[in-house]
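Report on the structure given below.
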Amino acid sequence: MAANHARLVNYLTAPHAADPECRAQVWAMQMALRVEKASPSDRAELLVAAARSVVLLCLDERSAPGGPWASAMDAWCGARIRKIARRARGTQWETAQQVWGVTAESAGEQGRAFVPTMVADVDPRVRKLQIEGTDVPGELPMTCTGDSALTLWINPHLEMTVGKTAAQVGHAAMLGVALLSVDETLSWYSAGCPGKSRGVVGFGNWLEAI
């Protein structure tokens, strides 16, 4: 846990490697949101699941030094933390569970973060998942109730699909964890990484939140 936490802290402070000239060699974390036709998804809970999946992957023991995911996580965190969110349903979602990564839930909604790879090396079972048009209707709650170690405030003036927003809350969640101590991170991780996604009422309140 300490080593995984240190990797996230280091991302905030260390210089990042320059992007390669060949886009195929860029490192990115693929994400999948489960959006079934038969049961409409809850936008806020889907975003919480997406953010939680990213943090769970970053803190997973398999991402620690010596683990099977360590070198990929080092390469990814050594550059810009790019994420690409996709939509999955039915058999495609089930098949995607076979690819290295972590699935998280929030109130029945599910998101999966996959171990980062170079763009050219994305697993075909993930590559086939749709990127464009990944969206679900719904508004984010405007108030924060209950205890949570991590609350993500989303600027309401940014018009983004749930797919693009999922990538952004994934960024925010892992950077938010880097601001916690190791002990706080361990306690939060042990509790299942509780969190909330919230909108902000008005531009003035958004400035106050940040």
Side-chain angles (χ1 to χ4, degrees), residues 1-17 19 26-34 45-86 88 96-106 109-119 121-123 126 129 148-154 162-197:
M1 179 65 68
N4 286 335
H5 182 265
R7 181 190 287 124
L8 299 182
V9 173
N10 188 63
Y11 180 82
L12 293 179
T13 58
H16 304 144
D19 288 342
V26 169
W27 282 80
M29 174 186 284
Q30 307 294 321
M31 304 171 65
L33 306 177
R34 187 174 190 178
E45 299 299 344
L46 194 61
L47 292 175
V48 172
R52 185 175 292 158
S53 69
V54 171
V55 173
L56 288 174
L57 191 154
C58 289
L59 299 179
D60 193 285
E61 61 182 10
R62 290 166 288 185
S63 296
W69 301 349
S71 60
M73 295 300 291
D74 287 341
W76 179 59
C77 285
R80 294 175 57 193
I81 52 170
R82 290 181 171 87
K83 297 182 181 69
I84 300 174
R86 301 168 182 267
Q97 304 306 298
Q98 302 169 14
V99 182
W100 272 2
V102 175
T103 294
E105 291 192 15
S106 181
E109 304 299 344
Q110 293 180 298
R112 184 171 180 85
F114 299 97
V115 176
T117 65
M118 287 193 291
V119 171
D121 297 332
V122 175
D123 190 289
V126 175
L129 302 179
S148 174
L150 187 63
T151 299
L152 305 178
W153 295 96
I154 300 171
V162 74
K164 291 183 178 179
T165 308
Q168 297 305 313
V169 297
H171 294 335
M174 61 180 287
L175 297 179
V177 170
L179 300 177
L180 302 176
S181 69
V182 175
D183 288 342
E184 289 171 332
T185 299
L186 180 58
S187 176
W188 183 60
Y189 182 84
S190 299
C193 301
K196 296 179 174 64
S197 291

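Note: hydrogens, waters and symmetry copies are ignored here, and every other heavy atom, side chains too, is used.
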Flag the pair W188 / V55 as yes when at least one side-chain heavy-atom distance between them is below 4.5 Å, and no otherwise. yes

Y11: ring-ring contact (aromatic ring centres under 6.0 Å, His included) partners, not counting sequence neighbours: H16

What's the spacing between H5 NE2 and T185 OG1 if we round to 0.5 Å? 3.5 Å

Side chains of T117 and W76, heavy atoms from C-beta outward: is any pair under 4.5 Å? no

Quick one: side chain to side chain donor-acceptor pair (under 3.5 Å) partners of N10, sequence neighbours excluded? none

Can you name the side chain to side chain contact (heavy atoms under 4.5 Å, CB included) partners of A113, sequence neighbours left out? M29, S53, V54, L57

Could you name each residue pair satisfying salt bridge (charged side-chain N to carboxylate O under 4.0 Å, His left out) that touches residues 165-179, not counting sequence neighbours? none

On a heavy-atom basis, the closest approach of A104 and A49 is CB-O, 3.6 Å

Taking every heavy atom of L56 against every heavy atom of C193, the minimum-distance pair comes out as CD2-SG, 3.6 Å

Please name the pair of heavy atoms, one in V169 and one in L47, separated by the smallest distance, quoted to 0.1 Å. CG2-O, 3.7 Å

According to side chain to side chain donor-acceptor pair (under 3.5 Å), does anything in residues 56-67 pair up with another residue at least two apart or in another chain? List the pairs. D60-R62

What residues form a side chain to side chain contact (heavy atoms under 4.5 Å, CB included) with A167, not counting sequence neighbours? K83

Can you name the closest pair of heavy atoms from Q30 and V122 and give their distance? NE2-CG2, 3.6 Å

Report, one line per pair, each donor and acceptor closer than 3.5 Å where one atom sits in a side chain of residues 67-75; sequence neighbours left out.
from: D74; atom 1: OD1; to: R7; atom 2: NE; distance (Å): 2.9
from: D74; atom 1: OD1; to: R7; atom 2: NH2; distance (Å): 3.1

Side-chain contact, heavy-atom cut-off 4.5 Å: L59 with L8? yes

Where at least one partner belongs to residues 165-175, residue pairs that pass salt bridge (charged side-chain N to carboxylate O under 4.0 Å, His left out), sequence neighbours excluded: none

By side chain to side chain contact (heavy atoms under 4.5 Å, CB included), A79 pairs with (sequence neighbours left out) none

Return a table of donor-acceptor pairs under 3.5 angstrom between the side chains of residues 172-183 and protein atoms on other chains or two or more places apart.
from: S181; atom 1: OG; to: E184; atom 2: N; distance (Å): 3.0
from: S181; atom 1: OG; to: E184; atom 2: OE1; distance (Å): 3.3

Contact summary for G163 and L33, nearest pair of heavy atoms: CA-CD1, 4.2 Å

The reported gap from CD1 in I84 to CG in L129 (rounded to nearest 0.5 angstrom) is 12.0 Å

Partners meeting side chain to side chain contact (heavy atoms under 4.5 Å, CB included) with T103 (sequence neighbours left out): W93, Q97, Q110, R112

